[in-house]
Q: 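Quick one: the structure is below, questions incoming.
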Amino acid sequence: MGWVWERTKSIAWYTEIFFHYGSQYLKSKMTYRADFIINVFSDFFLQSMNLIFILVLFDHIPVLKGWSREEMMFIYGFFLIPFGFYSGFFNHLFDVPEKYVIQGELDRVLVRPMNSLFQVIVETMRLELVFGVFVGLAVMVYAAEKMNLTWSWWDIPLGMMLATGATFIYGGVYTLLASLGFWFEGRMGLMPLVYNISNYGRYPADIYKGVVRFILTWILPFAFTGFYPATVLMKREEYYYFGLLTPVVGLVFWAFSYFVWTQGIKRYRGTGS
Amino acid sequence: MVIIEAKGLTKEFKIFRRREGVVGAFRDLFTRQYQVLKAVDNIDFVVRQGELVGYIGANGAGKSTTIKMMTGILVPTSGHLQVNGFCPHRNREKYTRGIGVVFGQRSQLWWDLAVIESFRLLQRIYRVSEVDFQQRLHRFEDILDIGDYLHLPVRKLSLGQRMRCELAAALLHNPTLLFLDEPTIGLDVLAKANIRDFLKEVNQTLETTIILTTHDLGDIEALCSRVAIIDQGKMLYDGSLDQLRAHWGEDNLEEVVKDIYQGQQPPGVKGWGE
């Protein structure tokens with residue numbers, strides 16, 4: 001019981017710190033007034049363009065291997081949710097090798113009484129990009145309406161669980177990539193490569209052949225960030241088996257990546273890099 | 001009460017030796033040559049509560065490595081190290097609650113935010129109560145004279161102003177032990193004097209133990225009764241400033257230290273550096 005109480009207190013504390021960092025982030029964004037106004041507009045503009053682009057794009061795509069355009073749109077919309085969280089919280093983990101390891105910013109992180117990965121994430125986050133999540137929700141709702149999908153109340157907790165799992169996969173992949181910076185000096189050529197691969201997750205995975213599909217499912221499991229979980233919400237029963245695995249894959253991948261991170265920190269503290 | 005206890009503390013780094021030329025670089029791709037460097041070599045070091053110790057050495061002598069081990073950033077290769085009752089690198093998150101750290105070359109304040117906002121964030125991180133926070137803040141405003149620019153963004157401060165804020169930030173949670181790595185680097189004479197006064201005051205009234213590395217011997221003369229000198233990873237001298245001068249028969253500390261860095265032995269002292 002004591003352990004549970006300690007954990008709960010610790011989670012509450014990290015949540016408080018997170019929101020405090022968040023409000024500081026907004027304040028620092030607002031220090032340059034003109035900049036801030038332009039940013040708000042450009043973010044809004046960017047997300048609207050995204051939305052319009054998706055609507056127009058899917059208007060021109062015919063049926064693809066048995067997937068209607070509404071279904072593909074729905075998958076894409078679901079994908080934008082973990083992608084939004086990734087853009088907001090994990091994208092800048094690519095600063096880790098250069099800024100934190102080589103330039104030694106990690107020294108400052110390690111003398112503070114907080115989890116090191118948590119600190120790096122809240123220091124590098126771009127909160128405004130999280131709004132992409134709403135674009136994703138809008139696209140999903142639109143597509144669902146168009147294909148007359150019937151919703152029930154349990155689709156909401158289910159969808160949240162799937163989206164959380166998908167977000168954990170993104171977080172895991174980028175934590176893993178960032179951790180590699182502890183072993184390999186210099187800029188990471190892998191980041192753009194992985195980014196490109198991640199983009200395949202937003203299309204029906206059965207359009208890919210053997211190896212690509214295997215990689216997207218089991219190695220860099222980006223198929224679980226869009227396609228598989230979305231099929232569950234669309235009631236395409238033939239993929240339930242994979243789709244419902246999303247939270248498990250997310251947790252396992254995240255746990256593995258976090259383990260690699262802690263090993264990286266150990267290495268940093270051994271070598272001082 | 002003993003705050004820091006180090007016995008046989010050693011840190012080795014494995015350094016990758018690059019070969020010359022294109023051919024060398026190519027060979028490096030396949031076989032790598034490593035060289036082991038002892039950055040800190042078998043150091044014994046004891047610090048008691050309330051001491052203010054100056055830790056000096058030439059560039060690359062091993063000062064920063066020692067400080068990094070004591071602050072829990074680096075894990076020692078061998079030896080025993082206990083600080084504040086903790087083994088710093090294990091239990092890092094608990095241990096760091098009780099220490100304050102200032103790196104002269106690296107800011108711990110948020111660049112775009114007003115100073116007070118950084119303090120508020122640190123207040124939450126170190127779980128400082130509002131009463132304590134206000135009380136300490138007022139105190140620092142008084143003696144560090146930072147009240148006027150608490151509401152300015154850090155990037156607008158001069159180096160001297162910023163360093164005073166860094167000190168306040170490192171002391172907001174009232175640590176029992178304060179590590180300062182070159183806190184006066186790049187400061188003008190007046191700013192240096194201001195910071196020295198403050199450190200003296202903190203050391204005396206709050207009984208904060210302070211470990212200070214510096215290249216400015218003026219810092220040492222103004223603050224430290226005890227000085228530790230490290231050279232090539234080895235502890236050359238650890239004792240009072242007066243005795244150091246007496247050993248060398250020379251009052252000018254700068255001359256003494258210059259001789260030491262050049263590897264000279266003090267006249268007529270046996271067992272120097274052992």
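Just so it is clear, the model here is predicted, and its values are computed rather than measured. All chains are named by letter (A, B, ...) in the order of the sequence lines, taking the proteins before the strands, and each is independently numbered beginning at 1.
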Q: Begin with the C-alpha distance, continue with both residues' side-chain angles, and end with the deciding distance and a verdict on side chain to side chain contact (heavy atoms under 4.5 Å, CB included) for B/Trp110 and A/Tyr21.
A: CA-CA 11 Å; B/Trp110 283 259; A/Tyr21 263 98; 3.3 Å; yes
Q: Any chance you could measure A/Trp13, atom CH2, to B/Ile125, atom CD1, to the nearest 0.5 Å?
A: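 It is 6.5 Å, given to the nearest 0.5 Å.
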Q: Going through the checks in order, is the side chain to side chain contact (heavy atoms under 4.5 Å, CB included) test met by B/Arg124 and A/Glu16?
A: CA-CA 8 Å; B/Arg124 290 214 166 49; A/Glu16 188 201 329; 2.9 Å; yes
Q: What's the shortest heavy-atom distance between A/Arg269 and B/Ile73, and which atoms?
A: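 Closest approach of A/Arg269 to B/Ile73: CG-O, 2.8 Å.
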Q: Which distance, rounded to the nearest 0.5 Å, do you find between the CZ of B/Phe103 and the CZ of A/Arg108?
A: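 Nearest 0.5 Å value for the CZ-CZ distance: 10.0 Å.
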Q: Taking side chain as everything from C-beta outward and backbone as N, CA, C, O, which of these in B/Arg97 sits under 4.5 Å from a heavy atom of chain A? Side chain, backbone, both or neither.
A: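 The answer is both parts of B/Arg97.
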Q: So does B/Phe26 have more than 12 non-hydrogen atoms from other groups sitting under 6.0 Å from CZ?
A: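 Count not over threshold, so no.
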Q: Quick one: CG on A/Asp107 to NZ on B/Lys68, what's the gap to the nearest 0.5 Å?
A: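 Answer rounded to 0.5 Å: 4.0 Å.
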Q: Shorter than 4.5 Å, heavy atoms on both sides: which option in B/Thr65, B/Thr77, B/Leu121 has the most such pairs with chain A?
A: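 Sorted descending by pairs with chain A, the first entry is B/Leu121.
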Q: By a 4.5 Å heavy-atom criterion (distance strictly below it), what part of A/Ser116 contacts chain B: side chain, backbone, both, or neither?
A: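 Both parts, backbone and side chain.
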Q: Quick check on A/Tyr14 against chain B: is it the side chain, the backbone, both or neither that has a heavy atom closer than 4.5 Å?
A: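 Contact with chain B is through the side chain of A/Tyr14 alone.
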Q: Taking atom CE of A/Met114 and atom CZ of B/Arg92, what is their separation to the nearest 0.5 Å?
A: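 The CZ atom of B/Arg92 is 9.0 Å from CE of A/Met114, to the nearest 0.5 Å.
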Q: Quick check for you: to the nearest 0.5 Å, what is the distance between B/Gln108 atom CD and A/Arg112 atom CZ?
A: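 Rounded to the nearest 0.5 Å, the CD-CZ separation comes to 5.5 Å.
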Q: Among B/Thr71, B/Ile99, B/Leu113, B/Val101, who wins on heavy-atom pairs under 4.5 Å with chain A?
A: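 Highest number of pairs under 4.5 Å: B/Leu113.
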